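Note that these values count all heavy atoms, side chains included, but never hydrogens, waters or copies made by symmetry. No experiment lies behind these values; they were computed from the predicted model shown.
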Amino acid sequence: MFTSSILPIAELRQALAELAEQNVYVGTSSWKYPGWSGLLYDEQRYLYRGKFTKSRFERDCLEEYAQVFRTVCVDAGYYQFPSPDYIRGLCDQVPEGFRFSFKVTDEITARTFPNLPRHGKKMGQRNPHFLNAELFRAAFLDSMERHREKIGVLMFEFSHFHPRDFDRGREFVEMLDAFLGQLPPGWQYGVEVRNKSLLQPEYFAMLARHGVTHVMNNWTHMPTVNEQMQMPGVLSAGDFTAARFLLRPGRTFEQAVKLFEPYNATKDINEEAREAAAEIIRMRAEAAEKAKTRPTYLYCNNRLEGNALFLILAVLMKTGKLKGLAGSQAAK
């Protein structure tokens with residue numbers, strides 16, 4: 001375990017900018033973490049009458065984040081359809097060249113609404129809008145149309161399916177195939193699944209037909225990103241990749257929150273994940289030098305090691321993009 005009040009901001013900014021020029025965007029999953037104060041954020045910016053103001057921080061910290069990073073994954077899109085005002089508000093806070101990736105709202109991706117209070121009377125009910133392409137276009141894409149240049153990959157995250165959801169995995173793949181065939185072209189799409197049994201040649205081949213990437217992910221009951229990378233056909237989109245480093249396999253979200261909050265320190269180094277992330281960056285940067293590619297997106301979460309910022313530093317050091325930091329906290 002370690003903590004630090006020093007983040008090599010200038011070096012990190014330069015390394016991320018160089019990668020973005022190679023169509024490789026590296027960022028974090030969400031950005032509103034008070035625990036990053038003193039690391040990425042200047043706490044003085046968010047004080048009111050000498051006290052830290054959470055509302056001011058959550059409203060304004062994106063601008064400070066975007067001074068260093070070139071992309072972020074917006075988890076909020078998963079919980080409700082983003083309005084045009086919400087998208088405009090995000091885009092107004094970041095410079096040209098910044099990319100927002102979004103998790104698509106679960107009103108589209110939930111086969112059965114989970115038993116969570118936010119779903120109210122819909123808890124446990126079958127979702128009538130599951131894989132509704134028209135609803136996705138009208139309630140999700142239309143809000144982003146005026147800001148296409150700042151939109152990254154749109155990820156359809158499918159939570160773990162239970163036997164009540166599908167009799168067999170092939171049924172899901174067939175439904176997803178039909179859905180993807182109805183989507184408007186010109187956007188980057190990704191699919192993230194949480195059932196390892198779905199990681200079959202038929203699934204990857206179906207995504208490839210649509211130019212959609214499989215979003216590799218570290219998650220509780222999934223093979224590691226490193227293991228997924230070895231599967232034939234996993235690089236389904238061909239010219240771009242998306243990966244999210246979220247949880248150590250075997251660890252639940254709730255366990256990670258309890259272990260790692262307030263996310264200001266690395267507490268559990270995951271060397272396999274670091275190497276996998278570095279390999280994706282090396283692979284896609286090399287591909288971009290040889291041919292025109294669409295942007296690749298790689299996101300790190302606090303709940304994998306305890307602090308996404310130090311995780312990204314360690315990954316970039318492995319790629320050679322950050323040098324001279326061998327004795328730093330990130331190397332440990």
Side-chain angles (χ1 to χ4, degrees), residues 7-33 36-37 39-42 45-46 56-78 81-104 140-155 186-190 213 215 237 239-245 277 280-281 284-285 288 292-302 308-309 311-313 315-316 319 321-322:
L7 195 72
I9 294 294
E11 293 87 348
L12 179 59
R13 180 189 297 115
Q14 180 63 29
L16 294 170
E18 291 177 0
L19 283 173
E21 291 176 358
Q22 296 176 295
N23 258 353
V24 179
Y25 289 78
V26 180
T28 65
S29 290
S30 192
W31 63 94
K32 300 177 183 179
Y33 296 108
W36 292 357
S37 296
L39 297 173
L40 181 65
Y41 299 130
D42 178 4
R45 297 179 56 160
Y46 311 107
R56 176 177 293 183
F57 173 77
E58 294 188 346
R59 184 190 66 210
D60 298 338
C61 67
L62 176 59
E63 181 181 355
E64 192 173 9
Y65 174 95
Q67 292 173 13
V68 177
F69 287 91
R70 296 297 187 94
T71 189
V72 74
C73 181
V74 183
D75 294 340
Y78 184 75
F81 289 115
S83 68
D85 287 345
Y86 177 73
I87 299 299
R88 183 174 61 253
L90 292 179
C91 292
D92 285 348
Q93 296 181 67
V94 301
E96 294 300 319
F98 191 93
R99 305 290 184 93
F100 292 99
S101 290
F102 284 84
K103 289 169 54 173
V104 173
F140 198 94
L141 277 188
D142 282 1
S143 294
M144 302 182 179
E145 183 63 46
R146 296 183 62 182
H147 303 281
R148 272 189 182 234
E149 74 283 355
K150 289 184 177 178
I151 304 301
V153 62
L154 304 178
M155 294 176 284
W187 303 84
Q188 285 185 260
Y189 299 115
T213 193
V215 181
D239 63 343
F240 82 99
T241 301
R244 297 206 301 151
F245 294 85
I280 293 170
I281 292 172
R284 282 310 184 188
K292 184 177 181 181
T293 62
R294 289 183 287 174
T296 277
Y297 297 93
L298 188 152
Y299 296 106
C300 296
N301 192 295
N302 283 324
L309 305 175
L311 172 56
I312 289 172
L313 281 178
V315 169
L316 294 180
T319 68
K321 289 294 183 181
L322 276 176

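- Trp36 is listed as a side-chain neighbour of Asn302, based on a closest heavy-atom distance under 4.5 Å.
- With no hydrogens or angles considered, a side-chain donor-acceptor pair links Gln14 and Glu18 at under 3.5 Å.
- In this structure, the side chains of Ile281 and Leu316 come closer than 4.5 Å at one or more pairs of heavy atoms.
- Glu145 contributes no side-chain N or O that, together with a main-chain N or O of Leu141, makes up a donor-acceptor pair within less than 3.5 Å.
- Judged as a side chain to side chain contact (heavy atoms under 4.5 Å, CB included), and not counting sequence neighbours, the contacts of Glu96 are Glu149, Lys150.
- Looking only at side-chain heavy atoms (C-beta outward), Leu19 and Lys321 come within less than 4.5 Å of each other.
- Residues Cys61 and Tyr46 form a side-chain contact, since some pair of their non-hydrogen atoms from C-beta on lies under 4.5 Å apart.
- At least one side-chain heavy atom of Phe69 sits less than 4.5 Å from a side-chain heavy atom of Ile312.
- Between Met155 and Tyr297 the shortest side-chain heavy-atom distance does not fall below 4.5 Å.
- The aromatic rings of Phe100 and Phe102 sit tilted, their planes meeting at an angle between 30° and 60°.
- No donor-acceptor pair under 3.5 Å is formed between the side chain of Thr293 and the backbone N or O of Ala288.
- Counted within 6.0 Å of CZ on Arg13, heavy atoms from surrounding residues, nucleotides or ligands total more than 12; the atom is thus considered enclosed.
- Separation of atoms CZ (Arg284) and CZ (Arg294) is listed at 9.5 Å; rounding is to 0.5 Å.
- Contact between Phe98 and Thr71 at its shortest, heavy atoms only, is CE1-N, 3.5 Å.
- A heavy-atom distance below 4.5 Å is not found between the side chains of Glu64 and Asp60.
- Taking every heavy atom of both residues into account, Ser83 and Ser143 meet most closely at C-OG, 3.7 Å.
- For the atom pair CG (Asp92) and CG (Asp85), the distance works out to 10.0 Å, reported to the nearest 0.5 Å.
- Note that the CG atom of Asp42 and the CD1 atom of Ile9 stand 10.5 Å from one another [nearest 0.5 Å].
- The two residues Arg244 and Val215 have their closest heavy-atom pair at CG-CG1, 4.0 Å.
- Not a single donor-acceptor pair under 3.5 Å links the side chain of Thr213 to the backbone N or O of Gly190.
- Considering CZ of Phe245 and CD1 of Ile280, their distance stands at 4.5 Å, rounded to 0.5 Å.
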Could you pull out every donor-acceptor pair under 3.5 Å between side chains of residues 24-31 and any protein atom, sequence neighbours left out?
{"unit_1": "Thr28", "atom_1": "OG1", "unit_2": "Ser30", "atom_2": "O", "d": "2.7"}
{"unit_1": "Thr28", "atom_1": "OG1", "unit_2": "Tyr65", "atom_2": "OH", "d": "3.1"}

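- Shortest non-hydrogen contact noted between Leu12 and Leu313 is CD1-CD2, 4.0 Å.
- Here the closest non-hydrogen pair linking Gln188 and Pro295 is NE2-O, 2.9 Å.
- In this structure, Glu11 contributes its side chain and Leu322 its backbone to no donor-acceptor pair below 3.5 Å.
- When all heavy atoms are compared, the tightest approach of Arg148 to Gly186 is NH1-O, 3.3 Å.
- Distance CG/Leu154 to CZ/Phe140: 5.5 Å, rounded to 0.5 Å.
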Practice problem: Output, in order, the C-alpha distance, side-chain angles, deciding distance and verdict of side-chain contact (heavy atoms from CB on, under 4.5 Å) for Tyr86 and Val74. | Solution: CA-CA 11 Å; Tyr86 177 73; Val74 183; 3.6 Å; yes
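- For the residue pair Ser101/Tyr299, the side-chain donor-acceptor check at 3.5 Å is satisfied.
- The CZ atom of Arg70 lies 8.0 Å from the CG atom of Leu16; values are rounded to the nearest 0.5 Å.
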